[in-house]
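Reminder, nothing fancy here: chain letters follow the sequence lines and each chain counts from 1.
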Amino acid sequence: MNSHSDEEITSAPKGNFIHKEIDKDLEAGKNGGAVLTRFPPEPNGYLHIGHAKSICLNFGLAQTYKGACNLRFDDTNPSKEEVEYVDSIMEDIRWLGFEWNGEPHYASDYFDQLFEWAVKLIKAGKAYVDDQSAEVIASQKGTPTQPGTESPFRNRSVEENLDLFNRMKNGEFKEGEKVLRAKIDMASSNMHLRDPLMYRIMHKAHHRTGDKWCIYPMYDFAHGQSDFLEGITHSICTLEFEVHRPLYNWFLDQVIEGEPTPERRPRQIEFARLNLNYTVMSKRRLLELVQKQIVEGWDDPRMPTISGLRRRGYTAESIRLFAERVGVAKRDNIIDVALLEHCLREDLNKKSPRVNAVLDPVKLILTNYPQDQVEWMEAENNPEDEQQGSRTIPFSGELYIERNDFMEEPPKKFFRLGPGREVRLKNGYIIQCQDFKKDANGEVEVIYCTYDPETRSGMPQSNRKVKGTLHWVSASQSVPAEVRLYDRLFMDEDPSGHPDKDFKEFLNPDSLKILTNCRVEPSLKEAATLDHFQFQRLGYFCVDKNSTPEKLVFNRTVSLKDTWARLSK
RNA sequence: UGUCCCGUGGUGUAAUGGUAACACACCUGGUUUUGGUCCAGGCGUUUAAGGUUCGAGUCCUUACGGGACAACCA
């Protein structure tokens, strides 16, 4: 009878503190029960994993409350912003699996309205034009512990302010000559309330409004009002804007004053931004990596950008899962990148086919295998998912195995090949090492083994227990490939914790290793760009965007959890 | 020295004032034709001290610790 409310109770999401705040607002009947969030990037760089957290939060909130989420470009500073960034941001959001509400919005859409509101503040005696230089204004601001002093221009008449502001707009002044400030309280304990700047002069073309404007609003004068104009109900941002909230509300109060009570009034809620160990997240630093060509570009697979992660082989699902697992709170946090990697493995484990590849090949000859014989062995594509079926792979008397799968003098816990030892070749036969040959440098050149014909995979005798199982490819049927092993870019756990130092000190010299002699099974010839695979026992790989049918290139997305690596440590 | 925010295992996130839970990491063991996956178990009594209460991670006070704020950036 009352199944509706039962359902609501049982299906109620756990929810973070933001859900609770929204629930409170809803219960109080605010905003007519609407929930409209927004994701407001400044188009001055590419989106990174930290933005992904914010995107998942804002769009996720919209989904759970059956509301919507706007995309708004916070483009109030033409000196930093470019169309390239606008495009990449939209692509990345879509790739993550989200669709914004209607058309994208731009703070620059509201320049006319903001100008009018500025005039309104001037007329109300709440804003004034200041002729002083940036340095003088800064020195009058005081410090967090000492009050500021008032500008000598603070008490200009409304008429003079109006005239000056219009002339600012009309381009009569040079950059830095004048600014418009809000008249609040130079003694406030909150620095942001000490007559903050509303407009500055910039004789720069804007990527959308062109040369129409030469004065541009500051973030504080644009953001809250943009939220208000769009009908945003919950304006979710990161912790550093906490001290801006009184100003956010102050501007809204001024703008609304004298108007009928608005249907919706936006409310700013702050949460702690994402930090990942071994990872630099600041846009300034990432831009530096790109400009100094320490990385190939914004989508370099070592970058924490969404496009970099994508090229590295991260799936959108894994990033959404990660965003869910890191949670949302107000505590400063440093998430272990191992969690990100875990989320990826969890997703890739169930969807990526297992294939054979040998990264560092050494030849293995089966001395008792019929010459020129080729057998096609059946191999499951994914033991985690029968639906993915199976394929056949060529087996012959001349194979390649991984160089480090053979040891001349194996230590105790080494389960793989050594003189006299037996191992299974995955999907093949059990073999025994009889002999090996070294080259002039003392490197193992060829390993000679015998195979046991009764132990072919699937045969009755094949159940015999052996300690190890190796992956392999047939020497003549396998195809050459280049494999790029990416590691973390920084060695320091907290590279952003040393703001004064040149971060080059913390770069990991092994962040990229290019292996050119790899061999992969023939089925990979037809691999499509960005498809991901689990290379048996080696990790998850994807085809790099620069790969061609003539030259296969793979990126290592993430390694398998490697117990042997830990044992040998 | 001011204002604001935050203190729960190694790392994160939970817990109508009522037995501290989940995930990652780590450690043990089991299954396995991947040293993967999967399964089972182990690892904290909530920064400290007071107070309110039958009962406090949760409320109050103080201390201590961490963070933010002094761009014509967002």
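Classification of the A:F535-A:F541 ring pair by plane angle, with boundaries at 30° and 60°, yields parallel. Using cut-offs of 30° and 60° for the angle between ring planes, the A:Y46 and A:W298 rings count as parallel.
No donor-acceptor contact under 3.5 Å links the side chain of A:H244 to the base of B:A68. For a distance-only test at 3.5 Å, the side chain of A:Q534 qualifies as a donor-acceptor partner of the base of B:U34. With hydrogens and angles ignored, no donor-acceptor pair under 3.5 angstrom links the side chain of A:T469 to the base of B:U34. Judged by distance alone, with hydrogens and angles left aside, A:E242 brings no side-chain donor or acceptor close enough to the base of B:G67 to form a pair under 3.5 Å.
Under 4.0 angstrom from either OP1 or OP2 of B:G36 there lies at least one side-chain N or O belonging to A:T563. An OP1 or OP2 oxygen of B:C38 is reached within less than 4.0 angstrom by no side-chain nitrogen or oxygen of A:K561. Side-chain N/O atoms of A:H192 include none lying less than 4.0 angstrom from OP1 or OP2 on B:C69. At B:C5, none of the side-chain N or O atoms of A:R245 fall inside 4.0 Å of OP1 or OP2 (strictly under the cut-off).
One can place CD1 of A:I335 at 6 Å from P of B:U13, the figure rounded to the nearest angstrom. Nucleotide B:G35 holds its P atom 15 Å from the NZ atom of A:K413, rounded to whole Å. For A:Y128 and B:C72, the OH to P distance is 13 Å, given to the nearest whole Å. A straight line from CD1 of A:I401 to P of B:G35 spans 13 Å, rounded to a whole angstrom.
Along RNA chain B, the nucleotide nearest to A:M191 and the one nearest to A:R424 differ in position, and the one closer to the 5' end is contacted by A:R424. For A:S189 and A:R456, each mapped to the nucleotide of RNA chain B holding its nearest heavy atom, the one lying further toward the 5' end belongs to A:S189.
Within 4.0 Å of A:Y216, counting heavy atoms only, lies no atom of the nucleic acid at all. A:E42 comes within contact range of the sugar-phosphate backbone alone, with a heavy-atom separation under 4.0 Å but no base atom that close. No contact: A:N277 has no heavy atom under 4.0 Å from any strand. Residue-level contact check: A:R325 touches the backbone only, with heavy atoms under 4.0 Å from sugar-phosphate atoms and none from bases. Among the atoms of the strands shown, base atoms are found under 4.0 Å from some heavy atom of A:A134. Looking at heavy-atom distances under 4.0 Å, A:R194 makes no contact with the nucleic acid at all.
As the counterpart of B:U45, no nucleotide is assigned, since no Watson-Crick or G-U wobble pattern has both distances under 3.5 Å. Nucleotide B:C59 forms a Watson-Crick or G-U wobble pair with B:G51, both donor-acceptor distances falling under 3.5 Å. Nucleotide B:A68 is matched to B:U3 when pairs are restricted to Watson-Crick or G-U wobble geometry with both distances under 3.5 angstrom.
In summary, of the residues considered (A:Y199, A:F165, A:F173, A:F153), a side chain to side chain contact (heavy atoms under 4.5 Å, CB included) with A:K178 occurs for A:F173 alone.
Residues A:F39 and A:N70 fail the side-chain proximity criterion, which asks for heavy atoms closer than 4.5 Å.
For the atom pair CG (A:N190) and CH2 (A:W250), the distance works out to 13.0 Å, reported to the nearest 0.5 Å.
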